[in-house]
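First up is the structure itself, then whatever we jot down about it.
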Amino acid sequence: MLATIFTKSVRDRWRGVAIAVVVIGGMLVFGMEVYSGIDLSVYTDLPEALRSLVGIDEGTDAAGLAYGAMYATYGALTIGSLALSIGAGSVAGEERDGTIGLLLANPVGRRRFVMEKLGALVATIAAASLALWLAGILAPVAVGADVAGRHVGALVVHMFAISVFFGMLAAAIGGWTGRRPLASGTTAFVMVASFVAVGVLPLIEGWGDLARAFPWHYYAGSDPIATGVDWGDLGVLGGGSAVLAVLTVVGVERRDLGGGEVRVRLTERLRSNALAGRVLDRLEGSARVSHIWVKTLSDHQTLVIVVGYIVVFFGIVLGPMYLSIDDALRDFMEQVPEAVLAMVGYADMGTPEGWYQTENFSLTIPIALVVVTAVMGANAMAGEEADRTMGLLVANPVSRRRIVLEKAAAMVAATVLLGLFVFVGTMIGSLVAGLDMNAVNVAATSALAVLLALVFGGLALAIGGATGRRGAAVAVTSGAALALYIVNAFFPLNESIAWIASWTPFHYYLSADPLNNGMPWGHAAILAGLFAGLVAAAVAFFTRRDLRQTD
């Protein structure tokens, strides 16, 4: 019976992990090919501070650049995100889906149930790491790159350790609270904050040692691709993971577990207030399901709130942080060739706008917003089918087309709210630090981030509508977002394939430099058109398909 829980957990997750591994491995090959066609002196001649910020070691070559970008950065963030998703779903996900009672009805105690779940997490990430190690060995052979002195095995071992740590952190939060969105959102915040802090703090005089307080330091601080395995850092991550595993067991054993029961929603709590109740009555109208979009927003309130905190936090702290390092940035940005700016989002970090674009808008904001839209899009129809609530929904006097459109409307409302948080956080950071950033341009960039996230949310919506499978929608959307981001960032470095980047949604996000130039209305129209087309596709797929009642 115990093996059934283990194998079920692995079975539920292997597709998403497999897609991520294929995408990351494939982009490693592309990266080596791209870098082999350019003059690497634009990287090796960079000042040490900038090389440290973007993860380039001294004397790097095409293979080192590819490993640093595709594995050490994007690969680690992707596998870490998968691990935290698995960890958050290990206990809290089963509670939300109402399946934990069925699992515990087997002759297995809570402790062994948790250990089976955590064992599946470790095994899944270990399999992904092994596959990435094999891809890291085969990629240079495929393109004829020299990898002498590169310890790809050490890098992958460190990647495995940091990913398991984040997975265990999400499992512990979920084990103590039973709330999957809180576990995912909090862990994602810790991961992204660690990534940014370890890249930025060493650039600020006297702040370098603070990086040791962040988990990412024990993944990347010793530069394992160049120096090999650091057993001390692995010991810290391994010990932390073990402690978090114990905390997960304690958390699950000490509380009453949920069984998919209906929680008190935000709308129901608001209804206790007379004024708010009247407003909600007007919004909902008379039809029983006319408030699908309101309920959908309420279902994802925790995720939206947590991500909102993240984007506001980063927007505020990056302003004062810029003041601590702006003189150094101006000095060495004068030495940076045009081509190398692809590594930092094509932005001049010697200016406030370039600093915010590099550290916030180029990666952090898209990740945060796409997480929300991908989850909402995947849960819109496929989630209802997986939770066996779609039958109740369509039994009401409402068309399938309206269900899709209201779900999409909820996604738009949530993402616009997050875009407002992005704008507010950035403007507060600018005001506190006296950076005098243009509010209209910040609003334009925030709006483009919203449109970009909606494109990928629309993709998840369409896949969920076509397949009825939540996992497939999340996995394909995440893989597509990662692949398209990498294509947009690195293909322009090689003239023969640079044109491909213009076919990615990311090209229409920041390529016009909206923080300096304002809204490129043509680009905004393209992103909005892509989202509308994907929603239309979701309607067509969903209205023509037999509905599933199991995941």
Side-chain angles (χ1 to χ4, degrees), residues 16-38 40 43-44 51 54-57 59-83 124-163 195 219-220 223-229 339-340 342-345 363 367 475-476 478-494 496-498 500-501 504 506:
V17 174
I19 291 172
V21 168
V22 170
V23 171
I24 295 169
M27 298 315 299
L28 178 66
V29 176
F30 280 118
M32 288 188 179
E33 184 67 28
V34 168
Y35 291 131
S36 64
I38 64 175
L40 295 183
Y43 297 102
T44 56
R51 283 193 285 104
V54 297
I56 302 174
D57 58 324
T60 191
D61 53 16
L65 282 171
Y67 283 136
M70 310 306 171
Y71 269 28
T73 302
Y74 304 123
L77 288 171
T78 301
I79 301 301
S81 297
L82 288 170
T124 303
I125 299 304
S129 301
L130 177 61
L132 288 175
W133 173 66
L134 293 173
I137 293 175
L138 296 175
V141 175
V143 300
D146 181 12
V147 294
R150 304 292 172 188
H151 303 277
V152 64
L155 176 62
V156 170
V157 168
H158 277 246
M159 187 189 304
F160 166 77
I162 190 68
S163 299
F195 171 74
Y219 160 64
D223 194 12
I225 190 67
T227 61
V229 172
V340 81
M343 293 290 291
V344 289
L363 186 61
I367 287 177
V476 173
S478 302
L482 173 64
L484 292 172
Y485 179 88
I486 292 174
V487 167
N488 182 70
F490 296 103
F491 275 36
L493 297 178
N494 190 320
S496 64
I497 58 175
I500 299 176
T504 70
F506 288 98

Problem - Parallel, tilted or perpendicular, as decided by the 30° and 60° cut-offs, for the rings of F506 and Y485 - result: perpendicular

Practice task
Work out which heavy atom in L28 is nearest to a heavy atom in A139; give both atom names and the distance.
Solution key: CD2-CB, 3.7 Å

Exercise for the section: First locate atom CD1 of I162, then atom CG of L77, and finally report the distance between them rounded to the nearest 0.5 Å. Expected result: 10.0 Å

Handout entry: Closest contact, heavy atoms only, H158 versus G228
Key = NE2-O, 4.3 Å

Completion exercise
Rounded to the nearest 0.5 angstrom, the CG-CD1 distance for L132 and I125 is 10.0 Å

Handout entry: Test item: Y219 side-chain N/O and A72 main-chain N/O as donor-acceptor pair under 3.5 Å
Key = yes

Problem - Inter-residue atom distance I79.CD1 - F160.CZ, 0.5 Å rounding - result: 11.5 Å

Handout entry: Between CG on residue L82 and OG on residue S163, distance to nearest 0.5 Å
Key = 8.5 Å

Exercise for the section: Spell out, as yes or no, whether a donor-acceptor pair under 3.5 Å connects the side chain of Y71 to the backbone of L155. Expected result: no

